[in-house]
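Since the structure comes first, as structure tokens, the remarks are kept for the end.
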Number of protein chains: 2
Amino acid sequence: MPEREKLTERRIAEEALGLIDEDGIDGLSMRKLGQRLGTTSMSIYTYFTDKEAVLAGVAQLILSEVDAPSDEGLDWREVVRRIMWSYREVCHRHINAAPLAIKYPPTTPDALAFVEAGFRALRRAGFDDQSIARSYRALAAYSFGTLAIEMNGYYATASAAAAPGARRETLHAATLDKHLPTVAEIRPSLAEQHDAEEFEYGLELILTGFADITAAGGS
Amino acid sequence: MPEREKLTERRIAEEALGLIDEDGIDGLSMRKLGQRLGTTSMSIYTYFTDKEAVLAGVAQLILSEVDAPSDEGLDWREVVRRIMWSYREVCHRHINAAPLAIKYPPTTPDALAFVEAGFRALRRAGFDDQSIARSYRALAAYSFGTLAIEMNGYYATASAAAAPGARRETLHAATLDKHLPTVAEIRPSLAEQHDAEEFEYGLELILTGFADITAAGGS
DNA sequence: AGGGCCGGATGTACACTGTACGGGCATCGG
DNA sequence: CCGATGCCCGTACAGTGTACATCCGGCCCT
């Protein structure tokens with residue numbers, strides 16, 4: 001009831017993000033969102049065509065939180081590093097909403113700010129258009145994948161007793177892992193990985209690869 | 001009606017996959033699945049605790065389709081290449097179900113077969129446990145991210161008129177892209193990328209990085 | 001000032017979802 | 001022959017997204 005502020009596309013997305021932060025992405029229903037805004041679910045449809053559109057709006061919101069460093073006097077590598085780490089930080093802070101940042105590309109100016117910053121840095125470093133596009137794609141792929149792994153505790157569930165929901169065929173760790181000896185051997189090393197370290201490892205690996213591009217002379 | 005075959009965890013997962021292939025992941029409902037199996041929705045709960053468990057089962061199913069090359073006489077790079085390309089091919093063939101392959105790690109022996117093959121190849125090439133875990137993670141991250149990008153036509157929607165579902169604030173391409181000049185410049189290059197080529201580019205980049213690990217002597 | 005209008009907000013209704021619960025069934029061990 | 005034990009299914013319930021019709025409040029035009 002206190003929420004009698006005027007309804008706004010922005011405000012709706014913010015409140016939706018709050019709800020997702022608390023209850024997860026499936027916990028967001030139009031009715032709950034309407035209630036949280038002090039109205040009903042149908043009011044939202046004045047500003048968004050769909051529930052999907054609301055989700056896309058939430059994605060824009062969190063993407064706009066990513067740092068967009070001005071590249072004055074910064075090595076292009078450093079600019080990319082800052083963007084990537086900031087992206088990761090933002091998605092971890094809104095971990096429940098992270099799938100949205102993966103699914104919906106940045107489209108609004110605010111959400112595109114960090115992309116612009118990255119592109120500009122690469123351009124100043126002498127990358128041609130195609131190399132920039134390529135690098136963007138590789139970096140996006142890497143961060144998406146990293147998030148996907150870090151989210152559901154990928155390796156945690158992987159190490160758990162297999163086939164969690166299946167009622168039959170629970171494979172006994174001891175006996176059946178002898179059909180997959182190497183998997184059994186490596187599992188512990190997977191479990192004890194540190195997310196941040198591994199993220200850095202892969203990121204630097206990619207940056208090194210890019211450096212070779214520029215060394216080879218761009219196009 | 002013709003479907004009076006005995007109900008089975010496997011058969012349920014297969015039929016669910018078929019339904020997802022046709023109608024997408026949201027098009028799968030327990031009722032439709034039951035009907036397709038010749039029974040009702042509730043019968044499924046004898047074999048799976050949840051709808052989620054069914055989805056995890058579908059994931060195992062498609063993961064088990066990935067090639068698991070025997071590494072006899074193959075360079076480890078070639079083994080990894082085959083696995084990665086096969087993984088990509090399988091996920092593209094079941095493009096609607098691909099998010100499941102990302103969300104649920106392989107747990108059943110069949111689904112783990114390709115992981116075992118990859119691990120074995122790396123081990124024979126002299127990678128220690130930690131390096132194998134690292135490489136697995138990096139490769140998984142890359143393929144997940146690649147899929148995420150290739151799935152929803154990431155760059156296609158990115159290039160489309162912005163904020164598709166929002167009723168207000170459609171940003172006019174010409175005028176507002178002057179606030180994001182570099183983005184505007186690069187967009188065409190993004191649009192004309194070829195998925196397979198870019199996948200190969202990134203994959204080879206990663207493999208080269210791994211080679212440096214082994215050259216440096218493993219640990 | 002009065003009347004028309006129109007866009008934002010909402011109430012109701014419908015088709016559909018996942019699944020808890022309780023009963024029916026056939027098969028098998030005693 | 002009698003239980004009993006899995007498999008199967010029918011019903012019921014709470015909750016979902018949203019189409020559609022309605023309402024209300026402020027603006028413009030005459």
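Between the side chains of Tyr104(B) and Glu52(B), at least one donor-acceptor pair of N or O atoms lies under 3.5 Å. Between the side chains of Glu116(A) and Thr182(B), at least one donor-acceptor pair of N or O atoms lies under 3.5 Å.
The interatomic distance linking Ile44(B) (CD1) with dT17(C) (P) rounds to 12 Å, in whole Å. Distance NZ (Lys32(B)) to C1' (dG18(C)): 14 Å, rounded to an integer number of Å. The distance from atom CE of Met30(B) to atom C1' of dC9(D) is 14 Å, rounded to the nearest whole Å. Note: CG (Leu33(B)) to P (dC9(D)) measures 13 Å, nearest angstrom. The distance from atom NZ of Lys51(B) to atom C1' of dT16(D) is 12 Å, rounded to the nearest whole Å. Regarding Leu55(A), its CG atom lies at a distance of 12 Å from the C1' atom of dG17(D), rounded to whole Å. The nearest whole Å value for the distance from the CD atom in Gln35(A) to the C1' atom in dT16(D) is 15 Å. Rounded to whole angstrom, the span from the CG atom of Leu19(B) across to the P atom of dT17(C) amounts to 11 Å.
The side chain of Thr39(A) places no N or O atom within less than 4.0 Å of a non-bridging phosphate oxygen (OP1 or OP2) of dA9(C). Taking only side-chain nitrogens and oxygens, Tyr45(A) never comes nearer than 4.0 Å to OP1 or OP2 of dC20(D).
Taking the side chain of Ser43(B) as heavy atoms from C-beta on, and the options dT18(D), dA9(C), dC8(D), the nearest nucleotide is dC8(D). Looking at the side chain of Lys6(A), the nearest of the listed nucleotides dT19(C), dA9(C), dC8(D) is dA9(C). The side chain of Met42(A) lies closest to dC20(D), out of dC20(D), dC9(D), dG8(C).
The ring of Tyr136(B) has its center closer than 6.0 angstrom to the ring center of Phe119(B).
Donor-acceptor pairing under 3.5 Å, judged by distance alone, is absent between the side chain of Arg31(A) and the base of dG15(D).
Within 4.0 Å of Leu28(B), counting heavy atoms only, lie sugar-phosphate atoms of the nucleic acid but no base atom.
Of the residues near DNA chain D, Leu7(B) and Ser29(A), the one whose nearest nucleotide (by heavy atom distance) lies more toward the 5' end is Leu7(B).
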Self-check item: Trace of the ring-ring contact (aromatic ring centres under 6.0 Å, His included) decision for Tyr142(B) with Phe199(B)
Solution: CA-CA 9 Å; Tyr142(B) 182 66; Phe199(B) 179 70; 5.7 Å; yes
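Between Gln193(B) and Arg134(A) the shortest heavy-atom distance is NE2-N, 3.3 Å.
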